[in-house]
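Note on naming: letters A, B, ... go to the chains in the order of the sequence lines (proteins, then strands), and numbering restarts at 1 for each one.
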Amino acid sequence: MKQRIEKLITNAALAAHHNGDLASSEIPDAEVEEPKAQAHGDFSTNIAMVMASSQKMPPRKIAGAIIDHLKDPDGIIAKTEIAGPGFINFFLEKSAWHPVLGKIHDANDRYGSSDIGKGRKIQVEFVSSNPTGPLHIGHGRGAAVGDTVANILSFCGYEVQREYYINDSGRQIRTLGQSVLLRYKQLHGHPIEFPDQCYQGAYIHEIAAEIKAQKGDILLSQPEDDAVLICARFAAEKILRGIREDLSFFGVEFDRWFSEQSLYDSGRVDTIINEFRNQGIIYEKEGALWFKTREFGDEKDRVVVTNDGRTTYFASDIAYHQDKYERGFQRVIDVWGADHHGYIPRMKAAIEACGHKRDQFDVILVQLVNLLRGGEPVAMSTRAGEFETLGDVVNEVGRDAARFIFLTRHHESALDFDLELAKQKTNDNPVYYVQYVHARISSIVRKAKERGKNNTAWDDTAIALLVAPEEIDLIKTLARYPEVIRSSAQTMEPHRITFYLMNLASVFHTYYNKHRVLVDDPRVRCGRLNLVLAVQKVIRNGLTLLNVSAPQEM
RNA sequence: GCGCCUGUAGCUCAGCCGGAUAGAGCAACGGACUUCUAAUCCGUAGGUCGCAGGUUCGAAUCCUGCCAGGCGUACCA
């Protein structure tokens, strides 16, 4: 609808120019918004004010010229007015809104989808938690954001791939092996000293016990390095299995699990380091190899190989991201914890050094989650190994509530996640508020069938009877949905959909409390049934993007 | 020190590529169930948009400086 109005305005401005009413041919794209105040109409534009300087005319006069040339062949505009310093306000006929329902009816579960992605390949990499411990609630937020962004982009015509990068190489994996081996020795009655930097959690004990059950005391007689490696591999595999299970339980499925170690095994890391060396963007200093990220806008150069010959995490990350583009992705999106934001400039540098554009790489930063129970913070120290895992949380509050709550904030705002609140089935808890709409409408449809009053055959004359203010409000809200999806895709902000759904739910509940759907007049009933069915479709559509269920009853 | 993020109603947050009188939920208070699910709705009240300048016809929104909180600033990941 908004786009239609924009078109009418642009055409009118062009016509005004051809007629000599507007001097300059410089016609900016009309920007149309929905005014906050109802008195300002259904839509308004500031185009006359924007054009004032280039046209060298007072805004209100420009507005007048545009209105004079406005063509409205479909008769959707009831009234226009020039207001304030030069706004043009549009008041629409109620009948202008009715076709929206037809569109939803026809598009069904594709309503709101678009082709802005034009089939371009895009990759979303998210979670990518080290396999050194179970996922915690912060990873859950990253998972919800990444998964939903992927859904939205796919809905908007991108070819999306979801990927999880497994950091299965390097020091932290070795530390994991050492931690397990120590606990294993302890189980065999050896006195041990357990260093602070080792992983403290109870799961380390469990893994050690499993190894003991499978292998007995055989590791005790092996060289330390071998034993550590065996423990590391065993533990990482086991933990990764748990991570997959937790994610799957949370409704997240990846297209690919990409191993960091594979980049070393295939020699990719060495290759890129040599390439950069030949290009002169990697140099040696004090025994280490440095990548000139400064030349690409970073504040200082970064080490890729340490002076004792170990590659850094950054080195494999360069190879990894290069590989992504070689797989044909035009755009790459990484979802990171906000505490990694300092890493962005060097990653952008790497992207550019590999011959790609900086804006082909985006990072979505996700702020931390404070886990609370009844307002009291829950201890969450990974080092001490005291935490509730994502699995525990999802188990306790349910997948729907967890996913929805993660998306009730802008991803860069810190989020308080209260376990008690998340379980509450009241309107403190927005998930149920939205799901309730779906259930209520399902109930209406069931009742209609029971009473044999379920004729919903499309009938323009029945739709035309939807003229109550609450009905028009509802249709207007439904009309906004495609725009919300588009902006959500463009900004990669999934919370826009969550907010939209809460708003749609609110408008629906208001309508529900004021009007009855199953009235005696068959045509009014048919029109209203079609209206609520459209609401139900959009609610389901939006919840599906969030991967939250749309229940038939509650 | 430098960089990034945040600061909007008592609380939790939207709005931020400039628009008209700044929004929602919760909490508070007062109402609405013989009806299609009260997990709902209606009403009242609540604000120096951190502070100070600047740009503009117009600033919560853009720019500068300051204040407060968080994070980062490794030959860690």
Side-chain angles (χ1 to χ4, degrees), chain A residues 31 33 35-37 39-40 44-46 49-50 52-53 58-59 83-87 89 128-130 132 167 169-173 175 197 260 285-290 298-314 316-317 337-345 365 367-368 375 408-410 412-416 418 421 424-437 439-448 450-451 453 490-491 493 495-496 498-500 502-503 505-506 508-519 525 528-529 532 553-554:
Chain A
E31 277 193 37
E33 56 164 25
K36 281 172 269 186
H40 297 143
S44 80
T45 181
N46 63 352
M49 280 127 77
V50 175
S53 61
F87 290 103
N89 294 337
S128 297
S129 159
N130 293 346
T132 52
N167 293 115
S169 124
R171 184 171 358 203
Q172 77 282 1
I173 288 292
T175 306
Q197 71 269 20
E260 180 188 12
K285 190 179 93 183
E286 293 162 8
L289 290 183
W290 299 71
D298 198 1
E299 51 186 26
K300 55 173 288 195
D301 292 344
R302 307 291 173 176
V303 169
V304 287
V305 180
T306 64
N307 63 13
D308 57 1
R310 283 193 313 232
T311 49
T312 61
Y313 183 86
F314 183 42
S316 48
D317 245 351
D339 54 340
H340 288 65
H341 71 258
Y343 209 76
I344 296 175
L365 292 176
Q367 264 294 352
L368 60 91
T408 53
R409 297 270 183 284
H410 186 279
E412 279 192 47
S413 290
L415 168 74
D416 287 339
D418 195 306
L421 215 67
Q424 262 179 43
K425 301 192 167 176
T426 66
N427 50 10
D428 287 358
N429 197 343
V431 203
Y432 300 112
Y433 186 78
V434 173
Q435 288 183 321
Y436 192 47
V437 172
R440 264 188 156 172
I441 295 172
S442 299
S443 171
I444 293 173
V445 173
R446 272 196 304 273
K447 277 275 159 30
E450 277 167 33
R451 299 177 189 175
K453 292 177 172 178
Q490 273 156 1
T491 57
E493 293 177 348
H495 75 282
R496 290 172 187 253
T498 324
F499 277 87
Y500 170 83
M502 291 190 277
N503 178 248
S506 162
F508 171 78
H509 286 312
T510 297
Y511 175 65
Y512 181 93
N513 273 277
K514 181 129 185 211
H515 300 281
R516 292 183 58 75
V517 174
L518 302 180
V519 290
R525 190 170 68 227
R528 290 184 177 173
L529 270 170
V532 300
E553 53 187 51
M554 290 170 72

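Note: A:Tyr313 and A:Tyr343 have perpendicular aromatic rings, judged against thresholds of 30 and 60 degrees for the angle between ring planes. Note on ring orientation: taking the six-membered ring where Trp is involved, the planes of A:Tyr512 and A:Phe508 are tilted (angle from 30° to 60°).
If you check every strand for non-hydrogen atoms under 4.0 Å, A:Asn89 touches a base. Using a 4.0 Å heavy-atom criterion, one finds that A:Met502 contacts no nucleic acid atom at all.
Residue A:Arg516 contributes atom CZ, which lies 15 Å from atom P of B:rC33 at whole-angstrom precision. Whole-Å rounding puts the A:Lys514 NZ to B:rU35 C1' distance at 17 Å. One atom, CE of A:Met554, and another, P of B:rA38, lie 13 Å apart when rounded to the nearest Å. Whole-Å rounding puts the A:Gln424 CD to B:rA38 P distance at 20 Å. When the P atom of B:rA20 is taken as reference, atom CD of A:Glu31 falls 14 Å away, rounded to whole Å. The distance from atom CG of A:Asn513 to atom C1' of B:rG43 is 14 Å, rounded to the nearest whole Å. One atom, CG of A:Asp418, and another, C1' of B:rA27, lie 15 Å apart when rounded to the nearest Å. The distance between atom CD1 of A:Ile441 and atom P of B:rU40, rounded to the nearest whole Å, is 15 Å.
Taking the C1' atoms as reference points, B:rC33 lies 10 Å from B:rU40, given to the whole Å. The separation of B:rC63 from B:rU56, taken at their C1' atoms, amounts to 12 Å, rounded to a whole angstrom. The same atom, C1', is picked in B:rU12 and in B:rA27; the two are 11 Å apart, to the nearest Å. Taking atom C1' in both B:rG23 and B:rC5, one finds a spacing of 24 Å when rounded to whole Å. For the C1' atoms, the distance from B:rU8 to B:rG50 is 10 Å, rounded to whole Å. Rounded to a whole angstrom, the distance from the C1' atom of B:rA60 to that of B:rA22 is 7 Å. B:rU44 and B:rG25 have their P atoms separated by 12 Å, given to the nearest Å. Only the P atoms considered, B:rU64 is 15 Å distant from B:rU55, to the nearest whole Å.
Here the shortest heavy-atom pairing between A:Phe87 and A:Ser44 reads CD2-OG, 4.5 Å. In plain terms, the two heavy atoms of A:Val304 and A:Phe314 that are nearest each other are CG1-CD2, 3.9 Å. In terms of heavy atoms, A:Arg409 sits closest to A:His495 at O-CB, 3.4 Å. The shortest heavy-atom contact between A:Asn167 and A:Gln172 is O-NE2, 3.4 Å. Between A:Met49 and A:Gly86 the shortest heavy-atom distance is SD-C, 3.5 Å. Closest non-hydrogen pair, A:Arg302 versus A:Asp298, comes out as NE-OD2, 2.8 Å.
Between atom OH of residue A:Tyr436 and atom NE2 of residue A:His509 there is a gap of 7.0 Å, rounded to the nearest 0.5 Å.
For A:Arg440 and B:rA38, the shortest distance from a side-chain N or O to OP1 or OP2 is below 4.0 Å. Using a 4.0 Å cut-off, no side-chain N or O of A:Ser44 falls inside it from OP1 or OP2 of B:rA20.
Distance from the side chain of A:His509 is smallest for B:rC41 among the nucleotides B:rC36, B:rA20, B:rC41. The A:Tyr436 side chain lies nearest to B:rA39 when the options are B:rC42, B:rA39, B:rA20.
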Provide a list of protein-nucleic acid N or O atom pairs under 3.5 angstrom, restricted to nucleotides 5-15 of chain B.
unit_1	atom_1	unit_2	atom_2	d
B:rU12	O2'	A:Arg409	NH2	2.1
B:rC13	OP1	A:Arg409	NE	3.2
B:rC13	OP1	A:Ala414	O	3.3
B:rA14	OP1	A:His410	N	2.9
B:rA14	OP1	A:Ser413	OG	3.1
B:rG15	OP1	A:His495	NE2	3.2

- Task: Assign a letter to each nucleotide of nucleotides 72-77 of chain B from its 5' end: B, base within under 4.0 Å of a protein heavy atom; S, sugar-phosphate only; -, no contact.
- Result: SSSBSB
- Message: Evaluate A:Asp339 against A:Leu365 for side chain to side chain contact (heavy atoms under 4.5 Å, CB included), listing each step before the verdict.
- Response: CA-CA 8 Å; A:Asp339 54 340; A:Leu365 292 176; over 6 Å; no
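The environment of A:Glu31 atom CD is sparse: at most 12 non-hydrogen atoms of other residues, nucleotides or ligands sit within 6.0 angstrom.
In this structure, A:Arg451 and A:Leu368 both approach RNA chain B, and ranking their closest nucleotides by distance from the 5' end singles out A:Arg451.
Between A:Arg528 and A:Val532 there is no side-chain heavy-atom pair separated by less than 4.5 Å.
Using modelled atom types, no side-chain atom of A:Ser169 and backbone atom of A:Glu260 make a donor-acceptor pair closer than 3.5 Å.
Every stem involving RNA chain B, taken as at least 3 paired positions in a row under the Watson-Crick or G-U wobble test at 3.5 Å, is listed here: B:1-7 with B:67-73, B:10-13 with B:23-26, B:28-32 with B:40-44, B:50-54 with B:62-66.
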